[in-house]
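Below is one structure, written out as structure tokens, with a few remarks after it.
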Amino acid sequence: MALWRTLSIPIASPHGLILSFLLLLHSAVTTTVAIRVRTIIHDPSPVKLPVFREAPAFRNGDSCGSNKDDRIHIAMTLDENYLRGTMAAVLSMLQHSTCPENLSFHFLCAHSDVNLVSSIESTFPYLNFKIYRFDSNRVRGKISKSIRQALDQPLNYARIYLADILPADVKRVLYLDSDLVVVDDIGKLWDVDMEDKVLAAPEYCHANFTVYFNDAFWSDPVLSNTFQGRNPCYFNTGVMVVDVDKWRKGGYTKKVEQWMAFHKKKRIYHLGSLPPFLLVLAGNIKPVDHRWNQHGLGGDNFEGKCRNLHPGPISLLHWSGKGKPWLRLDSRKPCVVDHLWAPYDLYRSSRHFLEE
């Protein structure tokens, strides 16, 4: 399995930030070069990974095409702490897809660990996938402390750099978090009409949008006009359809980075990678049916208390929040909704009280 390593090469010429009226600084333009290598560097102290059962082989239906254009590209992060969730998410997509052999997975990881590759290959022998190393140094100086440590991990910000990391022939990608399962054909979400937008996701306009930014933001006469001319609504960045070409041509990575840099100088929000996405794109995305992100099943960011399902049809269940289904099941203190995740758990040593 080939690995893509991402190298950042600074260029000397300075480039002024677009938000010059907010932040007077200059930064070097960074060019990302993807180099394909045939070897994987071993982590000097690899983490012992859980062992998973081999998933069944899933085959395409008669209506599926076999051309390159028929590929459905899915990007996810790959982390030792969330590997169990990733395996369940992949299984759920394969199981419910009309064309499972057309799914192409792009995994972003912080470390080049041969054991991660072996784990995926042994669990899904027929899976189409590539692994890319995300250079954590790209964001270490840009991350501000948030309300939960898990939100501050560099890999949580990798979604900002998809257009730099993925191959040029990937024109559209689904970005999905690892704490979810899909219970519908993922091809339906892939086929959404973007209507010339750079991003599509479920919008939640009934949510109180003001809570995502602090008083320092809303009391500033300049900052509070950021959304002027837009009708901003909350959207969850754990389920997104991204037009990679438009993202790249529009310089959206730099736009998000600029707000992260501004936040380092003047704190204007409390969460991790979500608020800069909202600052750049809220009110200017293609709305998707809410069935594609039944989010918040992990509770809030502090206690992770149980939550019930929202009314309406469901295509994707998302345990965003502090509580994760595999941890709650193992602790013998699961929430009712966690039993909807359990059938996709491939962890070999799983022993849930539901099975006893």
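For this chain, numbers begin at 1 and follow the sequence in order.
In the displayed structure, Asn208 atom CG is contacted under 6.0 Å by more than 12 heavy atoms of other residues, nucleotides or ligands. Around the CG atom of Asn308, the shell of radius 6.0 Å holds no more than 12 heavy atoms that belong to other residues, nucleotides or ligands. Around NZ of Lys249, the count of heavy atoms belonging to other residues, nucleotides or ligands within 6.0 Å does not exceed 12. Within 6.0 Å of the NZ atom in Lys266, the count of heavy atoms belonging to other residues, nucleotides or ligands exceeds 12. Heavy atoms from other residues, nucleotides or ligands lying under 6.0 Å from CG of Asp193 number more than 12.
Of the listed residues (His290, His96, Arg291, Lys188), just one forms a side chain to side chain donor-acceptor pair (under 3.5 Å) with Ser315, and that residue is Arg291.
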- prompt: Would Thr86 and Thr77 satisfy side-chain contact (heavy atoms from CB on, under 4.5 Å), going step by step from the backbone distance to the final call?
  reply: CA-CA 8 Å; Thr86 302; Thr77 57; over 6 Å; no

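Distance alone, capped at 3.5 Å, places no donor-acceptor pair between the Lys255 side chain and the Phe277 backbone. Put simply, the side chain of Asp345 gets close to the backbone of Tyr347: a donor and an acceptor are under 3.5 Å apart. Within the 3.5 Å criterion, the main-chain N or O of Asn156 finds a donor-acceptor partner in the side chain of Arg159. Between the side chain of Ser136 and the main chain of Pro154, no donor-acceptor pair closer than 3.5 Å is present. Listed for the Asn214 side chain is a donor-acceptor partner under 3.5 Å among the backbone atoms of Arg267. Distance alone, capped at 3.5 Å, is enough to place a donor-acceptor pair between the Asn60 side chain and the Glu101 backbone. Not a single donor-acceptor pair under 3.5 Å links the side chain of His263 to the backbone N or O of Ala261.
Atom SG of Cys335 and atom CZ of Arg328 lie 3.5 Å apart (nearest 0.5 Å).
You'll find the side chain of Ile74 stays beyond 4.5 Å of the side chain of His106, heavy atoms only. Leu127 has its side chain within reach of Phe105: a pair of non-hydrogen atoms, C-beta onward, lies under 4.5 Å apart.
Ring-plane geometry between Tyr212 and Tyr234 is classed as parallel, the angle between the planes falling under 30 degrees on a 0 to 90 degree scale with a further cut at 60. Between Tyr269 and Phe213, the ring-plane angle classifies as perpendicular under the 30° and 60° cut-offs. Ring orientation note: the planes of Trp341 and Trp326 are tilted relative to one another, at an angle of 30° to 60°.
Using a 3.5 Å distance cut-off with no hydrogens or angles, the side chains of Trp218 and Thr210 do not pair a donor with an acceptor.
Taking a cutoff of 4.0 Å between a charged side-chain nitrogen and a carboxylate oxygen, Lys68 and Asp169 qualify as a salt bridge.
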